[in-house]
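Scope of the values below: all heavy atoms of this structure, side chains included, with no hydrogens, waters or symmetry mates.
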Amino acid sequence: MKQFYMKKITHLFLLAAGVLGTASCSDFLDQTSPSELTQETISQSSYYTGLTVNKIYGDLTNDYTYSQYIPIVWGLNSDCELVDGLGSDAENTTSERGNMNYNANPGWANLSRLWDKMYGAIENANLAIDMVNNSPLAAEGSSEAKTLLRYKGEALTLRAMLYFDLLRFFGDIPMKMEASKSDLSNAYLPKTDRDEIMDTLMVNLEEAITLLPWAGEVSTYTTEHVTKGYAHALLAQIALTRAGWAIREKAKEGYVTATYSDPTYPTQRCDDATRKALYQKALAHLSAVVANPTHNLNPSIENEWYLLNQRTLDQTYRENIFEIPMGLGVSGELGYTVGVRINGASAQYGAKGNSSGKMKVTAPFFWSFDKNDLRRDITCCNLQLSESAGILKESMLGNTPFAIYVGKWDIRKMNEEWRQAAIATGNAKWMSGINVVRMRYPQVLLMYAEALNELSGPDAAGAGGMSARQALAAVHTRAFDAAHKAEAEAAINAISGKEALFNAIVDENAWELAGEGVRKFDLIRWNLLAEKIQQFKNDYVAQMEDAENGYPDKVYFNYTDDAKTVIDVNSITWYGLPDGKTAADYQDSKAFFGAERTDSSQKNLKVNLPSISSGLVGDNVEVKNRYLLPIASTTISASNGTLYNSYGYAN
């Protein structure tokens, strides 16, 4: 797995422009002299274009792009996912702890690092696209031409993904759709309205779709490449975002303003006719994915996450439509910076353990799951591992309502190759090599359900071969075992009306996709981010006040082994002692969320809860709906006067 890229990436960290004429080229390839690598030479072969496309994929494995920050940090905070910044840490604007609690500061260094790395990747995408456009081979209809055009399709799609993420982080940004010119005439560009950018990206993706194969259609194009399925899904995701709500630098004429909106920086969406057309566009592309047999739900959600932790591509169902390929020991912090916690050194997992603290999920989110939903214990991990006296043991976390680990990335499911790599790393941070998934088939089904429901209601047949209700049911019922599947399906069938189905889709979005960098951005386009975060806070307080039916103050549980090292998760009394059971029926116990009721300090309730997302909800909100990040001060100072901050941020 990942052999196609990872053998090359370590050799490709020079600008593709350098391939055209730097002295390092002979060392790089050891095949030809620098003088031979002219523009004419480049245009006569798909090889060099392929190297440049590989360089884009290499750019995606950087810590400041998709190896760590985008999949783990930049999608925080939502109503169910939190950065590990509570109390006073939530105002620490020199780190992600304050910035992702919406107390952002343009002086945070990682803002410029992300910006620079993303635009560097965009530059390589522009180079690859220009190389194909300037090649006489591309119009020949030969196998070489088809290869070149596939490369162009990949570069167009990757560039669209990069721009889409940037505008979701920063709002209006410069749009540069050609390689840099030697006279710097396109080096200092002003901001472009994000709607114009998204309109352009959708046109680009329409072209890319015609150039790309479906996953598996060409032997080398696995889901570690962008393929036709991802281009369709990304286009739909952009269309739905374009149709949704966004905070604006100033009001746009003809746009609809939200009820909850800042007076200076309004939250708006496009007019109803444009919005309908965008939903129709999204639905057409989602239907193309749903109707095609390439991508499907893995019937076992447990197996799907097992395979991902094993770093094994699912070649049967291809549920993960696009996975950014990471390399063991080289890139990828899923399982290290987020995931099940191994606290400190162990003989089994190495001297470092892992951090796994950057992203957490919350008690109200855990409580929101149906008791039989398999996703609850896959997503929410209320235990950690640690070694003492040579014995590795699982232990319950206790009263940590805002610090539940994200269990989707689980070191207990990783393979022996990973374990040996972690041990060999010693006290340094280890890279898991787990791929970063950018689109899953359940996400496509939920977007399909949303678009079809908006246009035609819950039960109208769609071009994808199912109704909105059926698409939602497919995602929901997959999460239940055979004994409870009929009950889960009945719950979806009982939903009445368009609004109720939309609300169910919003809930399903959290249960299915939490921890994957999706939830926050969907809440934004629905204009539900602040509302849902406030709801999560209210839900926590309500559960705290309900001593009879709310969070228990203690949980009881058994172990699966005589040494009491592995907790039997199925035995845990999350919802209180079952009828007919007493504490004596269990081997161990631990204080739980309800212990806060009698805690002398009530720190979670009085200190931590108000600090969460305090720049977006609460008593000291400066700008309503200010979920966007500022452009870094250093980026602005280097922009030759073309860039500035808005939304009340200083430059």
Measure the spacing between [atom1] of [X] and [atom2] of [Y] and express it to the nearest 0.5 Å.
X      : Y      : atom1 : atom2 : value
Ile56  : Tyr151 : CD1   : OH    : 11.5 Å
Leu114 : Ile70  : CG    : CD1   : 5.5 Å
Ser300 : Leu374 : OG    : CG    : 8.0 Å
Asn320 : Trp305 : CG    : CH2   : 7.0 Å
Glu123 : Leu162 : CD    : CG    : 12.5 Å
Ser571 : Asn558 : OG    : CG    : 4.5 Å

### Task
Could you name each residue pair satisfying ring pair (Phe, Tyr, Trp, His ring centres under 6.0 Å) that touches residues 81-107, not counting sequence neighbours?
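Every candidate ring pair (Phe, Tyr, Trp, His ring centres under 6.0 Å) pair involving residues 81-107 fails, so no pair, neighbours aside, qualifies.
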
With sequence neighbours left out, write down each residue that passes ring-ring contact (aromatic ring centres under 6.0 Å, His included) with [X], or none if nothing qualifies.
X      : value
Tyr64  : Tyr69
Tyr230 : Phe322
Trp108 : Trp74
Phe593 : Tyr551

### Message
Before you tell me yes or no, could you show the steps for Ile321 and Val289 under side chain to side chain contact (heavy atoms under 4.5 Å, CB included), namely the whole-Å CA-CA distance, both residues' side-chain angles and the distance that decides it to 0.1 Å?
### Response
CA-CA 10 Å; Ile321 295 174; Val289 181; 4.3 Å; yes

Contacts under 3.5 angstrom, residues 390-401 side chains, donor-acceptor by atom type, not counting sequence neighbours:
unit_1	atom_1	unit_2	atom_2	d
Glu394	OE1	Ile567	N	2.9
Glu394	OE2	Arg412	NH1	2.9
Asn399	ND2	Glu596	OE1	2.9

### Message
Under 6.0 Å between ring centres: does that hold for Trp574 and Trp367?
### Response
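Not under 6.0 Å, so no.
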
#### Entry: Close aromatic pair by centroid cut-off 6.0 Å: Tyr317 and Tyr441
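Ring centres of Tyr441 and Tyr317 not closer than 6.0 Å.
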
### Message
Looking at every non-hydrogen atom in both residues, tell me the closest pair between Leu212 and Val226 and how far apart they are.
### Response
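Minimum heavy-atom separation between Leu212 and Val226: CD2-O, 3.9 Å.
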
### Task
Evaluate side chain to side chain contact (heavy atoms under 4.5 Å, CB included) for Thr49 paired with Thr52, printing each intermediate quantity in order.
CA-CA 5 Å; Thr49 306; Thr52 309; 5.5 Å; no

Evaluate the side-chain proximity of [Y] to [X]: yes if any heavy-atom separation is below 4.5 Å, no if none is.
X      : Y      : result
Gln237 : Met439 : yes
Ile209 : His285 : yes
Tyr119 : Ile173 : yes
Val290 : His295 : no

### Query
Under 4.0 Å between a Lys/Arg side-chain N and an Asp/Glu carboxylate O for Lys408 and Glu516?
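Result for this pair is yes, salt bridge flagged.
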
### Query
Is the shortest distance from a Lys or Arg side-chain nitrogen in Glu302 or Arg375 to a carboxylate oxygen in the other one below 4.0 Å?
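Answer for the salt bridge query: no.
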
### Task
Using side-chain hydrogen bond (donor to acceptor under 3.5 Å, both in side chains) as the criterion, list what pairs up with Asp116, not counting sequence neighbours.
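Testing Asp116 for side-chain hydrogen bond (donor to acceptor under 3.5 Å, both in side chains), a comparison that skips the adjacent residues, returns none.
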
#### Entry: Partners meeting side-chain hydrogen bond (donor to acceptor under 3.5 Å, both in side chains) with Trp511 (sequence neighbours left out)
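Counting only residues at least two positions away or on another chain, Trp511 forms a side-chain hydrogen bond (donor to acceptor under 3.5 Å, both in side chains) with Ser368.
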
### Task
Apply the test side chain to side chain contact (heavy atoms under 4.5 Å, CB included) to residues Met414 and Arg311: give CA-CA distance (whole Å), side-chain angles for both, the deciding distance (0.1 Å), then the verdict.
CA-CA 8 Å; Met414 297 180 196; Arg311 301 177 8 262; over 6 Å; no

According to salt bridge (Lys or Arg N to Asp or Glu O under 4.0 Å), who are the partners of [X], at least two apart in sequence or on a separate chain?
X      : value
Lys360 : none
Arg478 : Glu319, Glu512
Lys429 : Asp63, Glu333

### Query
Could you walk me through whether Asp522 and Asn509 pass the side-chain hydrogen bond (donor to acceptor under 3.5 Å, both in side chains) check?
CA-CA 9 Å; Asp522 285 332; Asn509 175 285; 2.9 Å; yes

#### Entry: Among Asn92, Asp84, Asn103, side chain to side chain donor-acceptor pair (under 3.5 Å) partner for Arg97
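For Arg97, the side chain to side chain donor-acceptor pair (under 3.5 Å) test succeeds with only one of Asn92, Asp84, Asn103, which is Asp84.
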
### Task
Quickly, which of Arg519, Lys532, Lys520 forms a side chain to side chain donor-acceptor pair (under 3.5 Å) with Asp79? Name it, please.
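In the set Arg519, Lys532, Lys520, the residue that makes a side chain to side chain donor-acceptor pair (under 3.5 Å) with Asp79 is Arg519.
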
Would you kindly say whether [X] and [Y] are connected by a side-chain donor-acceptor distance under 3.5 Å?
X      : Y      : value
Tyr66  : Asp165 : yes
Tyr559 : Asp588 : yes
Thr157 : Glu154 : no
Asn101 : Asn77  : yes

### Query
Out of Thr294, Leu313, Asn435, which residue meets the side-chain contact (heavy atoms from CB on, under 4.5 Å) rule with Thr223?
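Of all the options given, the one that passes is Leu313.
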
### Message
If we check ring-ring contact (aromatic ring centres under 6.0 Å, His included) with Trp418, which of these qualifies: Tyr336, Trp409, Trp430?
### Response
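Answer to the ring-ring contact (aromatic ring centres under 6.0 Å, His included) test with Trp418 among Tyr336, Trp409, Trp430: Trp430.
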
### Query
Excluding sequence neighbours, so at least two apart, what forms side-chain contact (heavy atoms from CB on, under 4.5 Å) with Ala632?
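With sequence neighbours excluded, Ala632 shows a side-chain contact (heavy atoms from CB on, under 4.5 Å) to Leu111, Ser112, Thr634, Thr635, given in chain and number order.
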
### Message
With side-chain hydrogen bond (donor to acceptor under 3.5 Å, both in side chains) as the criterion, how do Asn296 and Arg318 come out once you've worked through the C-alpha distance, each side chain's angles and the decisive distance to 0.1 Å?
### Response
CA-CA 6 Å; Asn296 298 279; Arg318 298 188 181 93; over 6 Å; no

